[in-house]
Amino acid sequence: MTAPYAADPALSRGRLYPEEESTFRTAFQRDRDRIIHSSAFRRLKHKTQVFVEHEGDYFRTRLTHSIEVAQVARTISGALGLNEELTEAVALAHDLGHTPFGHTGEDALAARMKPYGGFDHNAQAIRIVTALERHYATWDGLNLTWETLEGIAKHNGPVEAPVPWALAAYNARHDLELSTNANAEAQVAALSDDIAYNNHDLHDGLRAGLFTMADIAELPMLRDCFAEVDARHPNLEPPRRQHEVLRRFFGILVGDVIDCTRAALDRLDPHCAADIRAAPAMVARFSPEIWADLKVVRAFLFRRMYRAPAVMEMRARVTVVVDELFTLFMNDPGLMPPEWRAQVGDGTGAQPLARTVSDYIAGMTDRFALDEHARLTGKPAALPRSGV
């Protein structure tokens, strides 16, 4: 850490519950370690990135995606002189709030939770690390530093009204200054998410047979990557050719963020982390040219992968699973484990129950949600494969 605007663990705003500091780890290193050791982080192993867990061992899951994001984020953070441990902590935690079945599960749960305050996976991540992880003797949650919590809450930018209820509830106790930018480390984590998923979704889509090398060779940036690989390594066997192309694409995105963020920081000339938060715009960014090309790649992935017929069939089936689980638990809370039923208590009204049901379903892995649905309905889900 060399930049004056990097987050300094020695100057952290601290934790909601004061603790003795470690003699051999900084506050941000402890945050990272607590996230890695959390139950929610382990469950990401069996949560969908694009392909549902049953489709094969080679496709990315939320866990492998989070690790890839953290690797990219540390590289960029180090190049910019930022605090790598804080960047890594935010990157590893950014998807903790995801439901089973990825964005499909989130859409289904958000629809069912609309009368009860809604559902948002970023806000749910805050809820997990501040309330739902219950391991420590004197507090709920992981008791992370203010800077890490701020990064999880605001890595995509200032949070505008209406603030999701799960985030608003915590913010009322511990003001995360939601209307300001996040620290530079969190901004880097957010762009690292974009870099990681655009790269690995191309790889997974190719493996699934949803598109071909010839298809992606026509995309901006990829076209030049193919030309360079073919010039340097003529007649390279297809798997190696694919890898060489995608690693160059990956490198272009990482290099562009480093160059453009460094230039933005030079123009802003921040002298401390507070200057980053008060800046008129986020400092971590792609160049306009690369961002325009990346939008073409994203549109291709949306059309050929995220909305491919086989993937859409899968989306429809797992939406039914989430819908029916929600209805079952709302009609009979006794179907939930005792520790979850106890959270509802004796309160009246549907909202406390709905929020407990939402927490319970959101924490499920793909496999557990499918098993519970089959056990409670007697209808095993015969899920298709998305072209694998």
Side-chain angles (χ1 to χ4, degrees), residues 16-17 34-48 52-54 62-63 93 95-101 105-106 108-121 123-144 164-170 173 318-381:
L16 182 62
Y17 303 103
R34 288 179 180 187
I35 290 162
I36 289 172
H37 288 284
S38 68
S39 300
F41 186 74
R42 290 194 298 276
R43 288 196 298 270
L44 295 179
K45 177 183 178 183
H46 295 294
K47 289 197 177 193
T48 294
V52 176
E53 183 261 345
H54 78 291
R62 285 286 160 190
L63 180 62
D95 269 354
L96 289 180
H98 261 293
T99 65
F101 315 123
E106 179 176 10
L109 196 55
R112 297 307 302 267
M113 283 295 294
K114 191 171 183 179
Y116 311 109
F119 179 87
D120 174 87
H121 79 265
Q124 188 69 12
I126 288 289
R127 184 160 170 76
I128 286 168
V129 300
T130 61
L132 297 181
E133 287 284 326
R134 296 184 174 119
H135 308 296
Y136 294 90
T138 56
W139 61 73
D140 289 338
L142 304 180
N143 200 32
L144 304 178
W165 73 268
L167 178 54
Y170 183 77
R173 303 167 59 205
V318 297
T319 295
V320 171
V321 170
V322 174
D323 281 344
E324 292 187 349
L325 284 174
F326 190 90
T327 298
L328 285 165
F329 296 137
M330 287 295 290
N331 290 340
D332 185 359
L335 295 174
M336 292 188 291
E339 61 271 24
W340 287 93
R341 294 198 302 269
Q343 292 182 41
V344 180
D346 299 324
T348 58
Q351 189 176 80
L353 173 59
R355 290 181 174 179
T356 299
V357 169
S358 174
D359 287 340
Y360 180 49
I361 293 175
M364 292 179 176
T365 63
D366 295 359
R367 180 187 303 169
F368 185 76
L370 293 169
D371 288 348
E372 280 295 274
H373 180 263
R375 182 179 69 84
L376 294 172
T377 66
K379 300 183 296 184

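Between the CG atom in D95 and the NZ atom in K47 there is a gap of 9.5 Å [rounded to 0.5 Å]. With rounding to the nearest 0.5 angstrom, the CD atom of E133 is 10.5 Å from the CD1 atom of I35. From Q351, atom CD reaches atom CZ of R355 across 3.5 Å, with rounding to the nearest 0.5 Å. Interatomic distance, L370 CG to E372 CD, rounded to the nearest 0.5 Å: 10.5 Å. Separation of atoms CZ (R173) and OG1 (T130) is listed at 7.0 Å; rounding is to 0.5 Å. Atom OG1 in T356 sits 9.0 Å away from atom CG in L132 (nearest 0.5 Å).
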Fill in: Stepwise side chain to side chain contact (heavy atoms under 4.5 Å, CB included) check, M336 with Q343
CA-CA 11 Å; M336 292 188 291; Q343 292 182 41; over 6 Å; no
Worksheet item: Where do L335 and L376 land on the side chain to side chain contact (heavy atoms under 4.5 Å, CB included) test, with the steps shown first?
Response: CA-CA 8 Å; L335 295 174; L376 294 172; 4.0 Å; yes
Practice prompt. I would like to know whether R367 and D371 meet side chain to side chain contact (heavy atoms under 4.5 Å, CB included); could you show each step before the answer?
Written response: CA-CA 6 Å; R367 180 187 303 169; D371 288 348; 3.8 Å; yes
Practice prompt. Quick one: do L325 and Y360 satisfy side chain to side chain contact (heavy atoms under 4.5 Å, CB included)? Show the steps, please.
Written response: CA-CA 10 Å; L325 284 174; Y360 180 49; over 6 Å; no
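Summarising the geometry of T48 relative to F101, their closest heavy-atom pair is OG1-CA, 3.4 Å, with the distance given to 0.1 Å. Residues P164 and A123 share a closest heavy-atom pair of CB-CB, 3.6 Å. The heavy-atom pair separating W139 from L142 by the smallest distance is NE1-C, 4.0 Å. Here the closest non-hydrogen pair linking A40 and L96 is C-CD2, 3.9 Å. Taking each heavy atom of N143 and Y17 in turn, the nearest pair found is ND2-O, 2.7 Å. Residue F119 comes nearest to G97 through the heavy atom pair CZ-O, 3.6 Å, listed as atom of the first residue, atom of the second, then distance.
Although no hydrogens or angles enter the test, the distance criterion places a donor-acceptor pair under 3.5 Å between the side chain of R341 and the main chain of G334. The closest donor-acceptor contact from the side chain of R42 to the backbone of H37 lies under 3.5 Å.
The residues K379 and E324 are annotated as salt-bridged, a charged nitrogen and a carboxylate oxygen being separated by less than 4.0 angstrom.
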Identify each donor-acceptor pair in which a side-chain atom of residues 108-117 lies under 3.5 Å from a protein atom, sequence neighbours left out, and give them as a table.
| unit_1 | atom_1 | unit_2 | atom_2 | d |
| --- | --- | --- | --- | --- |
| R112 | NH1 | D323 | O | 3.0 |
| R112 | NH1 | T327 | OG1 | 3.0 |
| R112 | NH2 | T327 | OG1 | 3.1 |

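Under the 30°/60° scheme for interplanar angles, the aromatic rings of H98 and H121 are found to lie parallel.
The shortest distance between side-chain heavy atoms of L44 and F41 falls below 4.5 Å. D366 places none of its side-chain heavy atoms less than 4.5 Å from the side chain of H46. Taking the side chain as every heavy atom from C-beta outward, Q124 and E106 never approach each other to under 4.5 Å.
Cation-pi geometry between R34 and Y136 is met: under 6.0 angstrom from the ring centre, within 45 degrees of the axis.
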